[in-house]
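For reference, the structure is listed below as structure tokens.
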Amino acid sequence: MQTEQIIQQLDELNKLSSKLDIPETERTEMLHEVSNYANTFINDLSTVKGFSSKEPKQLAIENNPKTFQNLLQLYQTEVAETGINAASGTHLGYIPGGGVFTAALADFIAAVTNPFASVYYASPGAATIENEAINWLKKVFSFPETAVGNLTSGGSVSTLIAFTAARDKHQIKNDLIKKSVVYLSEQVHHSTQKALRIIGLEDVVIRYVPLDEYHRMKTNALEQLIKKDVEQNLNPFMIVATAGTTDTGAIDPLNDIAQIAHQHNIWFHVDAAYGGFFILTSKKEMFNGIEKADTMIIDPHKSLFLPYGLGAVLIKDKTAALHSNQYTANYMQDAVMDELVQNPSNLSPELTKHFRGLRMWLPLQIHGIEPFIACLEEKLLLVKYFRIKLMELGFCVGPEPDLSISYFWYPFKKNSNEKNKQLMQAIHNDGSVFLSSSIINQQFVIRIAILAFRTKKQTIDKALAMIEKCLKEIE
Ligand SMILES: *Cc1c(COP(=O)(O)O)cnc(C)c1O
């Protein structure tokens, strides 16, 4: 091809391809529209429903360009207004999310600048922000400076990384897999069993440790199980304790469990995905022993109120963490000179990834930690308030919770489970506040999980009014 022809074709192509780089006037206009959209969305949160069962439509990608304004409208009706409104304070089901505004700004800036945060050499600044987020977490949980960590998409991926380190440290492979024992609480999060399966440990022996009346792991039962397993020539390999279970918010006795793990040379993992940041509150003492964990996971997209897609894992043993994730390839040779653990990619299955450190770094730098702590204390008090009010209405409530999750049921004279299920359905149909259910000690219960940063006393009063109304409907 002649050079002239090439130049001509490039000119032609540029007419279309340059449309991806929009001019400043249009950028400003679009930012203005986003700003208006975000403000309206946030302003309306106090009045919109917490849940809608509407099915979304018209979201297929068709190759006919639409205006931004129309798409924002479509987003509002088909995304923002369907399902659980996770940004609103009225989300009191499952484990509520957050979405502080300053984290959204961080995501915007991260996407505009698009630094390659996984390799120090490629973006020393972005990699340092990722690492400083981990350093901050190490301080919060009193992990030693020599510990390493990684920012992940959430608790499930954090668990994968932690368990892989445990597996490789203890060389759980081949014949040893079937002889190795993992000890879990009966209330363990299902991402734990899932992670074991994904990393090839499906065939380990799983022991469910019984719980006390507060839904915490019974340590004497744990010890007995371990002793029996040792007698049977099995290989006690890992204990998974939870600091804030999903169903009831219970914190296992971490210090005692740490001691047992240490005594028997068992890997000690703590799942603090939901409850972790309550260590910053008046509940601090309940977390004693978490610093003795070999690995722990924590979700800033839960108790730090950040938007979904931000978890973290901390690992004490650097070499165990590097074992499976660190790899060198020819096309990476410019990067290998750097300290291995400076590169987030050496501690994670991900190479290229979202620069998620910024959405944690920016809010912490702008607000300081105090508003986050106040928000957590507020959640602890709100669950107390909710329980008192429910009891006044004649409901039964679960035991005094360790954190901000509790549950209740109505003592109907007949068919209690069936009637409470109907009550749950009536609450979902109403939708003004979203609650979810569970089965605890064979009792169908309705859960209250208070964690959204926008959940306030008014929200709880609204929930109580809704519950009272729904109860009347089915009684
Ligand atoms: C939410 C949760 C998980 C799973 O975390 P994801 O971020 O949803 O992947 C694990 N453990 C506990 C206790 C949780 O609450």
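Whatever order the structure lists them in is the order used to number ligands and atoms, beginning at 1.
Considering only heavy atoms from C-beta on, V240 stays 4.5 Å or farther from Y183 through its side chain. In this structure, P344 and N131 have side chains that are in contact, with non-hydrogen atoms separated by less than 4.5 Å.
Sorted by chain and number, the heavy-atom contacts of ligand 1 below 4.0 Å come from I95, G154, G155, S156, H189, S191, G244, T246, D271, A273, Y274, D299, H301, K302.
Applying the side-chain hydrogen bond (donor to acceptor under 3.5 Å, both in side chains) test between N255 and each of E285, K292, E291 identifies K292 as the sole match.
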Q. Run the side-chain contact (heavy atoms from CB on, under 4.5 Å) check on T242 and Q187 step by step: do they pass?
A. CA-CA 9 Å; T242 310; Q187 289 277 350; over 6 Å; no
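Judged purely by distance below 3.5 Å, without hydrogens or angles, the side chains of S303 and D299 never pair a donor atom with an acceptor atom.
The ring pair (Phe, Tyr, Trp, His ring centres under 6.0 Å) pairs that include a residue from residues 430-465 are F51-F434, H91-F434, Y94-F434, H428-F434, where partners are two or more places apart or lie in different chains.
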